[in-house]
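All remarks here apply to the structure that follows.
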Amino acid sequence: MRFRLTDDQRALRDGMREALARRFDADALRAAVAGADRAEGGTEGEGTGRRRAAGGGTERDGSGSGGGGGARLDRALWRALGDLGLFALRVPEADGGVGLGLPEAVLLFEEAGRALLPGPLIATHLAAGAVPGAATGETVVAAVDGGFVEWLGEADVVRGDTTGAVPLRSLDPLTPLHRVPAGRAAPAPVAVLLTAAEQLGTAGRVCELAAQHARTREQFGRPVGAFQAVAHLCAGILVRVETARAAVYAAAVTADPADIATARILADEAAVRGARDCLQVHGGMGFTWESEVHLHLKRAWVRTQRAGGVTESEEVLAAALAAEAA
């Protein structure tokens with residue numbers, strides 16, 4: 001089975017990276033974090049301002065911001081993502097979508113993870129074709145995921161029961177969270193895989209940042225990457241990235257639940273350990289305002305709680321291996 005990207009897939013990936021570089025670069029990322037920090041003090045405990053919507057979800061009525069953090073969604077950016085086809089990517093052309101498949105979705109969500117793009121991207125992508133306006137980016141869709149829901153206060157439609165939602169202080173300044181008492185449902189395999197793709201994007205980005213810093217930062221008259229301890233950290237990051245990439249791309253082709261579970265486990269490890277090791281390479285500089293490394297680590301930690309978390313994937317993989325051995 002061949003996993004080499006086609007020319008069209010490379011063009012799709014590169015186009016998404018270029019578009020994000022224009023619309024959500026490092027300056028825009030820092031501005032979004034600063035805006036979330038300024039707004040956070042006024043959002044704690046505010047009402048959710050919601051009414052019951054069809055299909056067991058909820059819909060905003062415009063009263064109250066929803067609490068759960070100070071981050072605000074850039075609606076112009078969200079519509080631009082709709083124009084790029086991020087949300088309608090897997091909707092059939094006959095229904096007004098792009099008509100591509102899961103491999104292409106994985107490539108775009110990898111780029112979204114690399115750029116630390118904020119918002120309920122996966123929930124809106126999965127709602128395209130089912131919720132009016134989701135495919136074009138006119139409607140922001142959030143979803144209850146286990147015991148949590150991201151971006152509750154900014155969503156137009158929320159899929160799932162948010163009764164009794166309580167705002168939480170999120171580790172990631174650009175992922176506002178609420179806890180909901182509703183029971184945990186089995187995560188959709190596509191949601192698991194797209195989460196893995198975002199984690200892969202973070203893992204790849206911190207690998208680039210670690211290598212760049214190791215080449216340019218000097219101590220004792222030499223680049224720090226010349227020291228064995230730093231070189232080993234960078235090598236370990238790269239190995240985990242490439243291992244996770246092979247697993248994620250393979251799972252996008254096969255769509256097998258066991259392959260998706262494997263991809264999730266490896267991508268979570270590559271993102272979290274990679275970001276931690278990247279911080280080690282940077283030293284204290286990694287937690288400064290000028291660096292994005294700590295933001296990647298915080299987002300990676302938050303993503304580990306999505307779509308059942310790594311424990312759910314471990315259970316799926318263990319069941320599949322047990323069935324093969326039987």
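Using a 4.5 Å heavy-atom cutoff, the side chains of D161 and V180 are not in contact. Side-chain contact between P120 and V140 is present, with heavy atoms from C-beta onward closer than 4.5 Å. Looking only at side-chain heavy atoms (C-beta outward), V293 and Q280 stay at 4.5 Å or farther from each other. At least one side-chain heavy atom of F24 sits under 4.5 Å from a side-chain heavy atom of L29. At least one side-chain heavy atom of L295 sits less than 4.5 Å from a side-chain heavy atom of P173. Side-chain contact between V131 and D156 is absent, with no heavy-atom pair separated by less than 4.5 Å. When side chains are defined from C-beta on, P103 counts as touching Q9, because their heavy atoms get closer than 4.5 Å. When side chains are defined from C-beta on, M16 does not count as touching L107, because their heavy atoms never get closer than 4.5 Å.
Taking hydrophobic clusters as Ile, Leu, Val, Met, Phe, Trp and Tyr residues chained together by side-chain heavy-atom distances below 4.5 Å, L121 does not share a cluster with V91. The cluster map of Ile, Leu, Val, Met, Phe, Trp and Tyr, joined by side-chain heavy atoms under 4.5 Å apart, puts L81 and L100 in the same cluster. Placement of L86 and L89 within a single hydrophobic cluster is found when ILVMFWY residues are connected by side-chain heavy-atom separations under 4.5 Å, directly or transitively. In terms of hydrophobic clustering, with Ile, Leu, Val, Met, Phe, Trp and Tyr side chains grouped at heavy-atom distances under 4.5 Å, L200 and L5 are assigned to a common cluster. One hydrophobic cluster holds both L194 and V192 under the rule that ILVMFWY side chains link at heavy-atom gaps under 4.5 Å.
Using a 30° and 60° split on the angle between ring planes, H125 and F109 fall in the perpendicular class, above 60°.
Heavy atoms only, all atoms of each residue included: L193 and A252 are closest at CD2-CA, 3.7 Å. Considering all non-hydrogen atoms of both residues, E292 and L116 come closest at O-CD1, 4.5 Å. Of all heavy-atom pairs spanning I260 and P189, the tightest one is CG2-O, 3.7 Å. Taking all atoms of both residues into account, the shortest heavy-atom contact from A142 to A155 is CB-CB, 3.6 Å. Shown here for L174 and A71, the closest heavy-atom pair between the two residues is CA-CB, 4.2 Å. Here the closest non-hydrogen pair linking G137 and W78 is O-CD1, 3.3 Å.
Looking only at atom types and distance, the side chain of D8 has no donor-acceptor partner in the side chain of T6 under 3.5 Å away.
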Handout entry: Check against side-chain contact (heavy atoms from CB on, under 4.5 Å), E150 and V302
Key = CA-CA 10 Å; E150 299 178 4; V302 169; 4.2 Å; yes
Exercise for the section: Applying salt bridge (Lys or Arg N to Asp or Glu O under 4.0 Å), run through E110 and R245 and close with a yes or a no. Expected result: CA-CA 10 Å; E110 180 183 351; R245 177 171 285 116; 3.1 Å; yes
Practice task
Test R10 against D7 for salt bridge (Lys or Arg N to Asp or Glu O under 4.0 Å), laying out the working first.
Solution key: CA-CA 5 Å; R10 282 194 292 269; D7 290 341; 2.3 Å; yes
Handout entry: Chi angles and distances behind the salt bridge (Lys or Arg N to Asp or Glu O under 4.0 Å) call for D74, R23
Key = CA-CA 11 Å; D74 184 342; R23 297 300 302 262; 5.5 Å; no
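Formation of a donor-acceptor pair under 3.5 Å by the E111 side chain with backbone atoms of G201 is not found in this model. For T139 (side chain) and P132 (main-chain N/O), a donor-acceptor pair under 3.5 Å exists by modelled atom type. For R299 (side chain) and L117 (main-chain N/O), a donor-acceptor pair under 3.5 Å exists by modelled atom type. Distance alone, capped at 3.5 Å, is enough to place a donor-acceptor pair between the D25 side chain and the A28 backbone. Distance alone, capped at 3.5 Å, is enough to place a donor-acceptor pair between the T124 side chain and the V141 backbone.
Separation of atoms CZ (R276) and CD1 (I237) is listed at 12.0 Å; rounding is to 0.5 Å. A distance of 12.5 Å separates NE2 of H282 from CG of D277, quoted to the nearest 0.5 Å. Interatomic distance, R22 CZ to R17 CZ, rounded to the nearest 0.5 Å: 13.5 Å. One distance of note links CZ of R306 with OG1 of T195; it measures 5.0 Å at 0.5 Å rounding. Atom CG of residue L279 and atom NE2 of residue H213 lie 10.5 Å apart, to the nearest 0.5 angstrom. Rounding to the nearest 0.5 angstrom, the gap separating the SG atom in C207 from the CD atom in E242 is 7.5 Å.
Among R205, R264, R303, the single residue meeting the salt bridge (charged side-chain N to carboxylate O under 4.0 Å, His left out) criterion with E198 is R303.
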Name every donor-acceptor pair, under 3.5 Å, that has one atom in a side chain of residues 308-326 and the other anywhere in the protein, sequence neighbours excluded.
none

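Every pair passing ring pair (Phe, Tyr, Trp, His ring centres under 6.0 Å) that includes a residue from residues 292-313 is listed here, sequence neighbours excluded: F287-H294.
Partners of R114 by salt bridge (Lys or Arg N to Asp or Glu O under 4.0 Å), not counting sequence neighbours, listed by chain and number: E208.
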